[in-house]
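One structure below.
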There are 2 protein chains.
Amino acid sequence: MARTPAPFDELDYQILLALRENARQPAADIARLTGANERTVRNRIDRMAESGAIRLTSIVDPHAFGYVNTVDIFLEVDPEQEQAAIDNLLNRQEITYLALGQGTKEVSIEGRFKDIAEMREFLGRVLPAVPGVHVTGYALVPRIIRNIDSWLPKADDFAHLDNEN
Amino acid sequence: MARTPAPFDELDYQILLALRENARQPAADIARLTGANERTVRNRIDRMAESGAIRLTSIVDPHAFGYVNTVDIFLEVDPEQEQAAIDNLLNRQEITYLALGQGTKEVSIEGRFKDIAEMREFLGRVLPAVPGVHVTGYALVPRIIRNIDSWLPKADDFAHLDNEN
DNA sequence: GCTGAAAATTATGCATT
DNA sequence: AATGCATAATTTTCAGC
C-alpha cells in the first residue's frame with residue numbers, strides 16, 4: 001500500500017454525519033453533540049475540507065426547478081475530437097453527469113429536462129450536432145433513489161487507532 | 001402548467017453560486033458580495049433550504065477514502081421482490097447510486113470499491129445473493145468528470161420579474 | 001417579505017501544552 | 001494536533017415597515 005491510510009477517526013465521522021444534514025451547523029453544536037472541544041471540531045472541519053475529503057456545498061434539487069425528466073445517454077466519441085467534444089458537453093447545463101467509459105470512445109452522460117420535447121430536441125438535434133459525438137443509446141430514468149451526495153465510507157474507514165496497516 | 005413557477009430571482013442565484021463553493025460562507029460575506037441586505041440573504045438561504053430547493057450538505061470524496069474503482073451495474077429485479085431488493089441494496093454502503101429504469105424490472109446502480117477484488121466479490125457473490133436480483137451487465141467507469149452536485153439550473157430559471165407564465 | 005438594532009452565539013488569531 | 005482565552009464577526013431574536 002503506497003497510499004497513506006485514511007487519517008480519519010471516530011470524531012471525524014461524527015462531524016461528517018452532522019455536516020451532511022446541515023453544512024452550516026455551528027461547530028459549537030457539533031462540539032456539544034460529540035463532547036469534543038469546540039476548537040477541535042473546527043480544526044477537523046477545516047482539515048477535511050481543505051484536504052478535499054469532504055466538500056461543503058449546496059446541491060440544487062432539479063425537481064424544484066422543474067427538471068423532471070432524466071435520461072441516461074450512451075455516446076461514442078471520435079478519439080481525435082474527444083477533448084473538444086467533452087468540453088462542449090461540459091458547457092451544457094442540461095448535463096448532470098459525464099463519465100468516461102472503458103473503451104476509448106465510450107462516454108456516458110445524464111441529462112435533465114423540463115419536458116419531453118426538450119429531451120427529444122437534445123437527443124435528436126443538440127447531441128448529433130456536437131462534432132465527433134454519436135448517440136449509441138439512451139434510457140429514461142423514472143426515479144433516482146440514491147445519488148453520490150448521500151454516500152459515506154464504511155464506518156471502519158475511520159480508524160479506531162488500532163487498524164493501521 | 002399546474003406547478004408553481006420557480007419563485008427564485010437573481011439574488012437567489014448569486015447566493016446559490018456562493019454557497020456552492022462553500023456552504024459555510026457567512027451570510028454577511030454574501031451580503032457584501034451581492035449588495036443585498038445581510039438579513040435578507042439569511043432569509044433567502046433559509047427559504048431555499050427549507051423548501052428543499054437546495055441542500056446544504058457535506059459530500060464525501062470517495063477517492064480520499066481509497067474508493068478508486070467505480071462500476072455501473074445493470075440489474076433485472078423480480079417485480080414481486082422489488083421493494084425488498086431495493087431496501088437490501090440501499091443498505092449497502094458500496095452503492096453510490098440507485099435508479100429505477102423504464103421497464104418494471106430494470107434497476108441500475110453504481111458501486112465504488114477500494115480494489116478490483118472487492119468489486120468482483122460484489123458482482124459475483126454479493127449481488128447474486130440478493131433475492132430477486134440478476135446482474136444483466138456492468139461497465140467499469142474509469143473517470144467521472146461531472147456529477148449532480150455541480151449541477152445548476154439555467155440562469156433564466158431565476159426569474160427576472162418579467163417571465164412569469 | 002425586507003430591514004434595523006441589541007443580545008446571544010460563534011469564529012478567529014494567537015499562544016500554550 | 002488539541003485546547004484555552006481574548007477579540008472580532010456573525011447569527012438570532014424581536015421588532016417595525
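This structure is a prediction, so every number in the text was calculated from the model and none was measured. Lettering follows sequence order; numbering is per chain, from 1.
The interatomic distance linking B:R39 (CZ) with D:dC17 (C1') rounds to 14 Å, in whole Å. Counting to the nearest Å, the P atom of D:dA6 and the CD atom of A:E38 are 15 Å from each other. Between the CG atom of B:L11 and the P atom of C:dC2 there is a distance of 8 Å, given to the nearest Å. Rounded to whole Å, the distance from CG on A:N43 to C1' on C:dG13 is 12 Å. Between the CG atom of A:N37 and the P atom of C:dA11 there is a distance of 12 Å, given to the nearest Å. In this structure, the CG atom of A:D29 is 12 Å from the C1' atom of D:dT11, given to the nearest Å. Atom CG of B:D46 and atom P of C:dT3 are 15 Å apart (whole Å). The distance between atom CG of A:N22 and atom P of C:dT10, rounded to the nearest whole Å, is 13 Å.
How far CD1 of A:I95 is from CD1 of B:I148: 12.0 Å, rounded to the nearest 0.5 Å.
When distances are taken from the side chain of A:A28 to each of C:dT3, D:dT11, C:dT10, the shortest belongs to C:dT10.
Put simply, A:R24 has a side-chain N or O that comes within less than 4.0 Å of OP1 or OP2 on D:dT11. When the side-chain nitrogen and oxygen atoms of B:R32 are compared with OP1 and OP2 of D:dT10, one or more of them lie within a distance under 4.0 Å. Applying the 4.0 Å criterion to OP1 and OP2 of C:dC2, one finds that B:R44 has a side-chain N or O inside that range. An OP1 or OP2 oxygen of C:dT3 is reached within less than 4.0 angstrom by no side-chain nitrogen or oxygen of B:R42. Look at B:T40 and you won't find any side-chain N or O under 4.0 angstrom from OP1 or OP2 of C:dC2.
A ring-centre distance under 6.0 Å is not found for B:W151 and A:Y97.
Ion pair B:R42/B:E38 flagged as a salt bridge, since at least one NZ, NE, NH1 or NH2 atom sits closer than 4.0 Å to an Asp/Glu carboxylate oxygen. Classification of A:R32 and A:D29 as a salt-bridged pair holds, one side-chain N sitting under 4.0 Å from a carboxylate O.
Contact annotation for A:A36: no contact, since no heavy-atom pair falls under 4.0 Å across all strands.
When atom types are taken as modelled, the side chain of B:D9 and the backbone of B:L11 share a donor-acceptor pair closer than 3.5 angstrom.
With hydrogens and angles ignored, no donor-acceptor pair under 3.5 angstrom links the side chain of B:R47 to the base of C:dG1.
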